[in-house]
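Labels below follow one simple rule: chain letters A, B, ... track the order of the sequence lines, proteins then strands, and each chain is numbered from 1.
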Number of protein chains: 2
Amino acid sequence: MPAQIQNEKYEAILQTAHDLFWKFGIRRVTVEEVCKEAGVSKMTFYRYFSNKNDLAKEVIEKMFSDMYTGYRSLMDQDIPFEEKVKQQLMMKFEGTNEISAELVKDIYGDPGSELFSVWKSRADKIVQVVLDDYKEAQKKGWIRQDLNVEFILYMSNKTVQIASDPQAQAMYPDMQSLIMEIANMFFYGIMPRNIVTK
Amino acid sequence: MPAQIQNEKYEAILQTAHDLFWKFGIRRVTVEEVCKEAGVSKMTFYRYFSNKNDLAKEVIEKMFSDMYTGYRSLMDQDIPFEEKVKQQLMMKFEGTNEISAELVKDIYGDPGSELFSVWKSRADKIVQVVLDDYKEAQKKGWIRQDLNVEFILYMSNKTVQIASDPQAQAMYPDMQSLIMEIANMFFYGIMPRNIVTK
DNA sequence: TATAAAAATACAAATAAAGTAACATATCTT
DNA sequence: AAGATATGTTACTTTATTTGTATTTTTATA
């Protein structure tokens, strides 16, 4: 049994599905389309996946798993906490980590579905991990003690959204300046560095 | 008969369809979806359009008509030709004018269709107008006499594509610098200004 | 309150997508 | 090269979605 080729086809399907689902959501993409794009026959598809839902589930799980791996390897580095948060922000800005709006729409459109609960459980797990890391960092004095950690995460997401708001973009000559401004705001607030709130 | 409301619904359908077709192409978008998004019942839809194809046709025609209007009003301004070309380039860079890849895929996927011929005839017409304008400008000495005008238009399009190539982007600290470099290259080539080719 | 436009509902007809079966071909292993 | 296994092709049935229309109800307005 040629194990490599098996993997190749399987991976091709997964990758193609990821790209298409990313752009168009799940609903608008057909199994045949995925097969064509991946250069795989329909029979081969059904040998690896029992249906589109199954495929979507694996795509989602791989996505979260990759996301988690990336996060973990960043956090395990021996660099200052602030540097880690900065890099996370930057990764989000660059869209590498961003989650597809169309995919989310499809999944949140049917809260009773299996996909919804898979998505939710994986997402919740990551949030939990991040929360724990941040609480730990807070204990160690790497971030302000008087801040609600949940709120920090919330603001971190908002912050990224602002970067894609045309109104905000209009205020800066280029994207880079806007991103810098947002990041600085997120880290240091609006107060000059030498004034310390009690 | 409240003529304004008629127009409102009609315009809403057209605008919604434009946005959806832009994002997903025509194939992936259903009439019901357009109706829902536009806040219009299916019956109302069929009062204004006979089917999805008809809708797509009107969307495309409006798009080209708007494009032409924008181009015309730019060219009719009393500013140097170089300035006009610069502004056109910039508009393209900013994506205002850019044509949707998904839409083009759907339309060019079926060269026998009515939509294809509508698209082609409108596109050809615009190209013809632009060509004429450039030839006129060449006669008046606003651009180099020894250049093939068709080739200038071709390069103008290529030029815009380069701005979205990650490999090119990697060579510059930000988008703005890249765009400036491309624009300068397009206008003046690589030679220093005081050296004139015979 | 009479009237016209639009919405809601329900549905038959058409089209598209999903999924399967039988057989053909390519590719790897030994 | 032989046999096994993965993949492809074609054709087909079933299921789901979309289209387009007819009928009734609601809404706005003049």
Expressed as a whole number of angstroms, how long is the span from [X]:[atom1] to [N]:[atom2]?
X: A:D106; N: D:dT17; atom1: CG; atom2: C1'; answer: 15 Å
X: A:N51; N: D:dT15; atom1: CG; atom2: C1'; answer: 13 Å
X: A:R47; N: C:dA21; atom1: CZ; atom2: P; answer: 13 Å
X: B:L20; N: D:dT18; atom1: CG; atom2: P; answer: 13 Å
X: B:K36; N: C:dA8; atom1: NZ; atom2: P; answer: 11 Å
X: A:Y46; N: D:dT13; atom1: OH; atom2: C1'; answer: 13 Å
X: B:K52; N: C:dA14; atom1: NZ; atom2: P; answer: 18 Å
X: A:L55; N: C:dA18; atom1: CG; atom2: P; answer: 11 Å

Does [X] make a side-chain N or O approach to OP1 or OP2 of [N] shorter than 4.0 Å?
X: A:Y48; N: D:dT7; answer: yes
X: A:K42; N: D:dT9; answer: no
X: A:S41; N: D:dG8; answer: yes
X: B:K9; N: C:dA7; answer: yes

Side chains of [X] and [Y]: do they bring a donor and an acceptor to under 3.5 Å?
X: B:Q128; Y: B:D124; result: no
X: B:Q88; Y: B:Y71; result: no
X: A:T44; Y: A:S41; result: yes

For this session: Measure up the A:Y108 and A:F116 rings against each other and bin them: parallel (under 30°), tilted (30 to 60°), perpendicular (over 60°).
Result: perpendicular
Exercise. Are A:Y10 and A:F45 close enough that their ring centers fall under 6.0 Å?
Worked result: no
For this session: Would you please indicate yes or no on a ring centroid separation below 6.0 angstrom for B:Y68 and B:F64?
Result: no
Exercise. Which heavy atom in A:A56 sits nearest to a heavy atom in A:I26, and how many Å separate them?
Worked result: CB-CD1, 3.9 Å
Seminar exercise, completed: Sorted by position of nearest nucleotide on DNA chain C, 5' first, the leading residue of B:G39 and A:F45 is B:G39
Problem set entry | DNA chain C-proximal residues of residues 24-35 of chain A, any heavy atom under 4.0 Å | A:T30, A:V31, A:E32
